[in-house]
Amino acid sequence: MRQFHAFVKKEFLEQLRSGKLLLCVILFCLFGIMNPAVAKLTPWMMEVMSEQLAESGMTVTAVEVTALTSWTQFFKNMPLMLIVFLILSSPNLTTEYQRGTLINVVTKGMRRWKIFLAKMGVMASVWTLGCLLSYLITYGYNAYFWDNSVAGHVAFAVFCFYLLGLWLISVLGMASVFFNSPGAVMLAMGGAFGISYFLGLFPAVKEYVPSYLLESASLLAGVKAIGDYLPAVLITVALLALQGFVSIIAFSKKNI
């Protein structure tokens, strides 16, 4: 386990030195601040626009802003943050192939499954930290300005989106085992999400695909219940385990 811990430490140091970790933390914090900020500024923006809209014959009514408005903004912004995070993370393994740095690690006796788990573990840790920061910042500002109780099942809704991110990280890891370029990895990951989204268009299987977790914001207004998302959660967890197993087996046989 000493080798594993040393490799994990190396990965975190690489994240720090490359600036990726700092960039992710800054972006997640900004997104966390932006959610209540946009909600707070919405009445002012509508008031500014009201005169122009009135000239066009449109009437703007008073907008009531609550914590629900801010949390709705949170779920609108997080998909963009997830895309940015995945783009930054996509070269994680492929860069190692191109540099040939994994050869020295393997020849020194470190098992390949430890290398894979260390890399995926660091990526998952950064995603966890980012989601937690964005959630806590938004929650704190919402509690200060409004009342978070108006939004239902916020923590579970955020967990659903967080789990979707973990699934895509797992897809990224598996794609990185089979492909040697970041572009191919991103295409494979986009293809996997596209298949899930396409299957979600069919009512019979909609509630069983990972992309269904994107709709967890419906919990906030009580449109849906937690039980509606449990099948998708269980399927996503099963896919995480299966993809991890396949990735480790394939990586152990890959020519690096």
Side-chain angles (χ1 to χ4, degrees), residues 8-45 63 65-92 95 118-173 182 186 189 193 210-211 213-221 236:
V8 168
K9 183 179 179 180
K10 178 193 96 62
E11 285 297 305
F12 271 114
L13 287 175
E14 277 192 15
Q15 293 278 339
L16 282 170
R17 289 167 183 163
S18 65
K20 289 182 180 179
L21 180 58
L22 179 61
L23 179 59
C24 284
V25 169
I26 291 173
L27 287 175
F28 275 107
C29 288
L30 285 176
F31 272 72
I33 295 169
M34 189 167 62
N35 302 318
V38 170
K40 196 69 176 174
L41 291 172
T42 296
W44 175 79
M45 289 187 291
V63 177
V65 175
T66 65
L68 182 60
T69 311
S70 178
W71 283 118
T72 302
Q73 191 66 38
F74 175 93
F75 285 96
K76 288 180 179 178
N77 290 335
M78 283 304 286
L80 177 59
M81 188 62 246
L82 176 57
I83 292 171
V84 173
F85 172 78
L86 291 172
I87 291 173
L88 289 173
S89 303
S90 60
N92 199 344
T95 301
K119 283 190 167 291
M120 293 302 103
V122 169
M123 286 174 57
S125 297
V126 175
W127 172 243
T128 302
L129 174 64
C131 286
L132 190 60
L133 282 173
S134 190
Y135 169 73
L136 291 176
I137 290 170
T138 302
Y139 189 93
Y141 275 105
N142 288 353
Y144 179 79
F145 289 119
W146 306 289
D147 180 9
N148 278 306
S149 63
V150 299
H153 308 298
V154 173
F156 185 80
V158 174
F159 168 75
C160 286
F161 187 85
Y162 164 75
L163 184 61
L164 175 67
L166 288 183
W167 173 65
L168 286 173
I169 290 172
S170 175
V171 173
L172 186 152
M186 290 300 296
M189 188 167 47
F193 181 81
S211 56
L213 298 177
L214 270 176
E215 301 179 18
S216 60
S218 299
L219 290 165
L220 303 178
T236 304

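All values reported here derive from a predicted model rather than from experimental measurement.
- Taking the salt bridge (charged side-chain N to carboxylate O under 4.0 Å, His left out) definition, one finds that Lys76 meets it with nothing, sequence neighbours left out.
- In this structure, CE in Met120 is found 11.5 Å from OG in Ser125, a value given to the nearest 0.5 Å.
- Thr69 has its side chain within reach of Thr66: a pair of non-hydrogen atoms, C-beta onward, lies under 4.5 Å apart.
- In this structure, Asn142 CG and Phe74 CZ are separated by 10.0 Å, a value rounded to the nearest 0.5 Å.
- Separation of atoms OG1 (Thr72) and CG (Asn77) is listed at 11.0 Å; rounding is to 0.5 Å.
- Two residues are said to be in side-chain contact when any heavy atoms from C-beta on lie closer than 4.5 Å; Phe28 and Met78 meet this criterion.
- The nearest pair of heavy atoms linking Trp146 to Ala39 is CH2-CB, 3.8 Å.
- Partners of Thr236 under the side-chain hydrogen bond (donor to acceptor under 3.5 Å, both in side chains) rule, at least two apart in sequence or in another chain, do not exist in this structure.
- The closest side-chain heavy-atom distance from Tyr144 to Pro36 is not below 4.5 Å.
- For Lys20, the salt bridge (charged side-chain N to carboxylate O under 4.0 Å, His left out) test picks out no residue, with sequence neighbours left out.
- Between Leu27 and Val84, the shortest heavy-atom distance links the atoms CD1-CG1, 3.7 Å.
- Looking at Leu80 and Phe31, their side chains come closer than 4.5 Å, going by heavy atoms from C-beta outward.
- Across all non-hydrogen atoms, the minimal contact from Ala221 to Leu68 is N-CD1, 4.4 Å.
- Counted within 6.0 Å of CZ on Phe75, heavy atoms from surrounding residues, nucleotides or ligands total more than 12; the atom is thus considered enclosed.
- Two residues are said to be in side-chain contact when any heavy atoms from C-beta on lie closer than 4.5 Å; Met123 and Trp127 fail this criterion.
- With values rounded to the nearest 0.5 angstrom, Leu220 atom CG is found 10.5 Å from Asn148 atom CG.
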Extract all donor-acceptor atom pairs below 3.5 Å that involve side chains of residues 131-138 and protein atoms in other chains or at least two apart in sequence.
from: Thr138; atom 1: OG1; to: Gly32; atom 2: O; distance (Å): 3.1
from: Thr138; atom 1: OG1; to: Asn35; atom 2: ND2; distance (Å): 3.0
from: Thr138; atom 1: OG1; to: Ser134; atom 2: O; distance (Å): 2.9

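- Every pair passing salt bridge (Lys or Arg N to Asp or Glu O under 4.0 Å) that includes a residue from residues 9-19 is listed here, sequence neighbours excluded: Lys10-Glu14, Lys10-Glu96, Glu11-Lys119.
- Across every non-hydrogen atom of Phe85 and Val126, the tightest pair is CE1-CG1, 3.6 Å.
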Distance-only criterion, 3.5 Å: show the donor-acceptor pairs between side-chain atoms of residues 155-172 and protein atoms not counting sequence neighbours.
from: Tyr162; atom 1: OH; to: Thr128; atom 2: OG1; distance (Å): 2.7
from: Trp167; atom 1: NE1; to: Gln243; atom 2: OE1; distance (Å): 2.9
from: Ser170; atom 1: OG; to: Gln243; atom 2: NE2; distance (Å): 2.8

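- Side-chain atoms of Val65 and Lys40, non-hydrogen and from C-beta on, never get closer than 4.5 Å to each other.
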